[in-house]
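Indexing begins at 1, ligand by ligand and atom by atom, following the structure's order.
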Amino acid sequence: MVGSAIVRRLESEGFNNLLTRDHSQLDLANESAVAKFFAEERPTIVIVAAAKVGGIKANDDFPVEFLLENLQIQNNVIRSAYENDVRKLLFLGSSCIYPKFAPQPIPETALLSGPLEPTNEAYAIAKIAGMKLCQAYWHEFGRHFISAMPTNLYGPNDNFDLETSHVLAALIRKAHEAKVRKDQKLTVWGTGKPRREFLHVDDLSSACLLLLEKYDSPEIINVGCGEDISIRKLSELICDVVGFDGELAWDTSKPDGTPRKLLDVTKLRALGWKPAIPLRDGIARTYEWFRANSV
Ligand code: GFB
């Protein structure tokens, strides 16, 4: 989802010198394959958007894969970038790197100030290791490897699998299928009380370009829209956009995760960036994409 959005953005800006490989062409967890790719292609700028990602359940069920695969991917890519003299590298982390009970909105300084949310601890530890590796290359070798921490993302090419997806994609699918089946109710995980901040992936890609052009610091920088919404309100909004008018039921056997995750985006705003896609429009566009692309 993130990689394809960044490619769309770069192509629309006229870049015709992009080096991309999909998973079937290059396994980023394979150290020697990554080293060979970098040595042959010699990229000047690298964006590390590839990662093993998933929603709250996938993170909770597969901590080994989330920790190992992410460490492998980022270690291979970041080290190869160093060895092949990449001029600038952007590593994408996640807002889940911050402590479960971080102050809200969460400033970058909250990093490592308290315990993590247990459902995504493995993923968060991997992402923290990735940004620390970028900082280490900056401090030890003067490399301009920067790290951005995006909030919860959604948009075209999201994963709509109900077991492994994030909440927004899951609810689009659930509401659509409930509408088609003419169900009376739709079941949402948890209590509906947690609050999340959602950013359309096309807004993330515009922020990434701006950071590559204007941001030059080893300190992490948050990327978010600056507003959050409860899962209950999000569910109602999605049902409204999709056109499902049944009732919501709550499956409280499923975890809520962190109670609130709203990023402080003061640093990013100071660079002159703001999001362009309001949540309702973004959901409508993503629903259109889902209908056009789901089998
Ligand atoms: O999006 P989500 O899976 O991830 O869940 P997190 C957000 C909230 O939505 C949780 C609730 O409180 C879920 O219980 N929810 C309600 C649902 N219905 C559903 C549903 O059908 N599917 C899903 N998936 N959730 C992830 C982390 O945390 O956020 C990752 O696990 C990553 O590591 C990502 O950082 C951005 O926001 O809780």
Self-check item: 4.0 Å heavy-atom contact, Thr119 with ligand 1
Solution: no
Quiz item: Does the distance from a Lys or Arg side-chain N to an Asp or Glu carboxylate O, for Arg8 and Asp202, drop under 4.0 Å?
Solution: yes
Look at [atom] and find which of [options] reaches it with the closest heavy atom.
atom	options	value
atom 38 (O) of ligand 1	Arg196, Glu121, Glu163, Arg195	Arg196
atom 23 (C) of ligand 1	Tyr154, Tyr98, Trp189, Tyr123	Trp189
atom 14 (O) of ligand 1	Gly190, Pro255, Gly257, Ser165	Pro255
atom 34 (C) of ligand 1	Glu197, His166, Lys174	His166
atom 17 (C) of ligand 1	Val167, Leu171, Leu153	Val167

Practice problem: Give the minimum heavy-atom separation between Ser235 and Leu171, together with the two atoms involved. | Solution: OG-CD1, 3.6 Å
Self-check item: Student check: side-chain heavy atoms of Tyr137 and Ile78 closer than 4.5 Å
Solution: yes
Quiz item: Cation-pi between Lys52 and Phe66: NZ/CZ under 6.0 Å from ring centre and within 45° of the ring axis?
Solution: yes
Quiz item: Is NZ or CZ of Arg285 both nearer than 6.0 Å to the six-membered ring centre of Tyr287 and within 45° of the ring axis?
Solution: no
Quiz prompt | Region of Lys57 engaging ligand 1 - heavy atom pairs below 4.0 Å | solution = neither
Quiz item: Between Asn59 and ligand 1, which part of the residue brings a heavy atom under 4.0 Å of the ligand: side chain, backbone, both or neither?
Solution: side chain
What residue and heavy atom of the protein are closest to [atom], and at what distance?
atom	result
atom 4 (O) of ligand 1	Ile56 N, 3.9 Å
atom 8 (C) of ligand 1	Ile231 CD1, 3.7 Å
atom 36 (C) of ligand 1	Asn152 OD1, 3.4 Å
atom 28 (O) of ligand 1	Lys261 NZ, 3.5 Å

Exercise. Starting from the C-alpha separation in whole Å, work towards a yes-or-no answer on ring-ring contact (aromatic ring centres under 6.0 Å, His included) for Phe145 and Phe91.
Key: CA-CA 7 Å; Phe145 292 179; Phe91 174 72; over 10 Å; no
Donor-acceptor check, side chain of [X] to backbone of [Y], threshold 3.5 angstrom: yes or no?
X	Y	value
Lys261	Ser95	no
Thr151	Glu197	yes
Ser80	Val77	no
Asp60	Ile56	no
Asp281	Ile277	no

Quiz item: Ring centroid separation for His200 and Tyr154, is it under 6.0 angstrom?
Solution: yes
Atom indices of ligand 1 within 4.0 angstrom of [X] heavy atoms, with elements:
X	value
Asp256	10 (C), 12 (O)
Cys96	33 (O), 35 (O)
Gly54	30 (C)
Pro194	12 (O)
Asn120	27 (C), 28 (O), 31 (O), 33 (O)
Gly55	3 (O), 31 (O)
Ala170	20 (C), 21 (O), 22 (N)

